[in-house]
Amino acid sequence: KTRLRNRGLGLQLEHRPTARYEVFVTAFQSSDRFRLDDRPGLSSGPTFSDRQVAVGGGLVFKIARQFRVTFETGAIVDRRVAVYTRDDDRLDSSGGDVSPYFALRGEFRP
């Protein structure tokens, strides 16, 4: 059984060869934005933004009917961090090098 799903701003292609195992490949963009404390020398209400594009793949093991474990690995292929004023004027930004990522997740689905 094979299916294509959305994952945030991206896609995930999944293949389930058996009822207990699933493999997948994925590519997606994620971002976070945080309001920073006011600091001397900065305008009030600055925000920090972290946007990244990742590609990867993984395995899902269905341990029991309601519990599964997922191992995922891949690379962050594009990353941009920036600091903005309250009015969304960019104060500074920087890019990042390609870097690996690993994730181990446990899910309980009632």
Side-chain angles (χ1 to χ4, degrees):
K1 192 173 186 183
T2 302
R3 67 181 171 180
L4 182 64
R5 297 175 42 166
N6 68 323
R7 181 169 176 181
L9 294 175
L11 297 173
Q12 183 163 301
L13 181 63
E14 303 171 345
H15 178 67
R16 187 179 314 164
T18 70
R20 293 185 94 70
Y21 300 99
E22 181 178 296
V23 294
F24 64 91
V25 293
T26 187
F28 61 95
Q29 175 182 310
S30 63
S31 61
D32 292 302
R33 195 168 176 118
F34 305 94
R35 180 162 307 279
L36 303 174
D37 288 337
D38 290 340
R39 307 267 181 184
L42 285 178
S43 62
S44 64
T47 57
F48 173 80
S49 171
D50 181 3
R51 182 192 57 82
Q52 47 192 309
V53 176
V55 295
L59 301 166
V60 179
F61 303 103
K62 193 172 183 181
I63 307 282
R65 182 166 189 230
Q66 297 174 327
F67 185 68
R68 59 186 68 197
V69 174
T70 303
F71 174 74
E72 181 177 345
T73 187
I76 298 169
V77 295
D78 184 42
R79 186 167 200 175
R80 172 77 40 200
V81 294
V83 178
Y84 295 91
T85 66
R86 180 189 307 240
D87 299 323
D88 278 341
D89 293 325
R90 187 171 53 202
L91 296 173
D92 196 11
S93 68
S94 180
D97 293 333
V98 174
S99 59
Y101 76 89
F102 305 94
L104 180 63
R105 291 186 296 273
E107 287 182 57
F108 177 72
R109 296 182 178 186

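Just so you know, residue 1 is the first one in the sequence shown, and it goes up from there.
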J.: Run V69 and I63 through side-chain contact (heavy atoms from CB on, under 4.5 Å) and show every step you take.
T.: CA-CA 7 Å; V69 174; I63 307 282; 4.0 Å; yes
J.: With a 4.5 Å heavy-atom cut-off, do L4 and Q12 have their side chains touching?
T.: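 The answer is no, as the side chains (C-beta and beyond) never meet within the 4.5 Å cut-off.
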J.: Any salt bridge linking E107 with R68? Criterion: basic side-chain nitrogen under 4.0 Å from a carboxylate oxygen.
T.: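 Here E107 does not pair with R68 in a salt bridge, since their nearest N and O are not under 4.0 Å apart.
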J.: Determine whether L13 and V23 fall in the same hydrophobic cluster, where Ile, Leu, Val, Met, Phe, Trp and Tyr are linked whenever their side-chain heavy atoms lie under 4.5 Å apart.
T.: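 Cluster IDs for L13 and V23 differ.
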J.: Does some side-chain heavy atom of T26 sit less than 4.5 Å from a side-chain heavy atom of L11?
T.: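 SC-SC contact between L11 and T26 ruled out.
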J.: By the definition side-chain hydrogen bond (donor to acceptor under 3.5 Å, both in side chains), identify the one residue from H15, R16, E14 that meets it with T2.
T.: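 The side-chain hydrogen bond (donor to acceptor under 3.5 Å, both in side chains) with T2 is passed solely by H15 among H15, R16, E14.
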J.: Using 4.0 Å as the upper bound for N to carboxylate O, is an ion pair formed by R5 and E22?
T.: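 No, this pair does not count.
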J.: Give the minimum heavy-atom separation between T70 and F24, together with the two atoms involved.
T.: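 Minimum heavy-atom contact is CG2-CE2, 3.9 Å.
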J.: Output, in order, the C-alpha distance, side-chain angles, deciding distance and verdict of side-chain contact (heavy atoms from CB on, under 4.5 Å) for S31 and Q52.
T.: CA-CA 6 Å; S31 61; Q52 47 192 309; over 6 Å; no
J.: Is the number of heavy atoms from other residues, nucleotides or ligands within 6.0 Å of OH (Y21) greater than 12?
T.: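 Open.
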J.: Rounded to the nearest 0.5 Å, what separates atom OG in S94 from atom CZ in R80?
T.: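 It is 6.5 Å, given to the nearest 0.5 Å.
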J.: What are the two closest heavy atoms between A82 and Y84, and how far apart are they?
T.: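 Looks like CB-CE1, 3.5 Å.
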J.: Look at the side-chain heavy atoms of Ile, Leu, Val, Met, Phe, Trp and Tyr, link any pair under 4.5 Å apart, and say whether V81 and V83 land in one connected group.
T.: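 Yes, V81 connects to V83 through the hydrophobic network.
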J.: How close do A54 and Y101 get, heavy atom to heavy atom, and via which atoms?
T.: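 Distance-wise, the nearest heavy atoms are CB-CE2, 3.9 Å.
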J.: Look up atom CZ in F67 and atom CZ in F108, then write down how far apart they are to the nearest 0.5 Å.
T.: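 Reported to 0.5 Å precision, the distance equals 9.5 Å.
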J.: Within this structure, what is the CZ-CG distance for the pair F71 and L59, rounded to the nearest 0.5 Å?
T.: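 Spacing of CZ (F71) from CG (L59) equals 8.0 Å.
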J.: Could you go step by step and tell me if R33 and T47 meet the side-chain hydrogen bond (donor to acceptor under 3.5 Å, both in side chains) rule?
T.: CA-CA 7 Å; R33 195 168 176 118; T47 57; 3.2 Å; yes
J.: Decide, yes or no, whether a salt bridge links D32 with R51 under the criterion of side-chain N to carboxylate O below 4.0 Å.
T.: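 No salt bridge links D32 with R51.
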